[in-house]
Visitor: 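Right, I'll just put the structure down here and ask away after.
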Amino acid sequence: MATEEGTEPRSPLDEVMEDIRGELVRQVAAADRDANREIYDALENE
């Protein structure tokens, strides 16, 4: 992320929240890939 002069230092809570957001993004992306894989497999088998 871009840093700006004069911004407050990141707190441990900010770091934890960023980790949680990153994990949620990874989980949603994995679930989406799995859902789309089923669709693509069905199309290939037609």
Side-chain angles (χ1 to χ4, degrees):
M1 290 187 169
T3 59
E4 297 178 19
E5 289 185 29
T7 59
E8 296 184 24
R10 291 174 44 117
S11 71
L13 178 60
D14 292 333
E15 293 178 14
V16 169
M17 291 302 294
E18 185 176 335
D19 290 344
I20 291 170
R21 280 190 293 271
E23 181 60 27
L24 286 172
V25 167
R26 284 187 289 276
Q27 288 181 15
V28 168
D32 188 59
R33 281 192 305 270
D34 290 343
N36 287 332
R37 184 175 300 131
E38 293 172 5
I39 293 169
Y40 289 123
D41 288 348
L43 291 172
E44 285 180 7
N45 293 329
E46 283 190 350

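Numbers here simply count residues along the sequence, with the first being 1. Everything quoted here is computed from the prediction, not taken from an experiment.
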Visitor: Identify the heavy atoms of Asp34 and Arg37 that sit nearest to each other, and give their distance.
Guide: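 Heavy-atom minimum between the residues: OD1-NH1, 3.0 Å.
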Visitor: For a 4.5 angstrom cut-off between non-hydrogen side-chain atoms, does Asp14 reach Glu18?
Guide: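 Not touching, per the 4.5 Å side-chain cut-off.
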Visitor: Within a strict 4.5 Å, meaning less than it, do heavy atoms of the Glu23 and Ile20 side chains meet?
Guide: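 Side chain of Glu23 against side chain of Ile20, heavy atoms only: no contact under 4.5 Å found.
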Visitor: Are Leu24 and Val16 connected in the hydrophobic side-chain network, where two residues link if heavy atoms are under 4.5 Å apart?
Guide: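 They do share one cluster, since a chain of ILVMFWY contacts under 4.5 Å joins Leu24 to Val16.
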Visitor: Hydrogens and angles aside, do Asn36 and Asp32 bring a side-chain donor and acceptor to less than 3.5 Å of each other?
Guide: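 Their side chains do contain a donor-acceptor pair, which is all the 3.5 Å distance test asks for.
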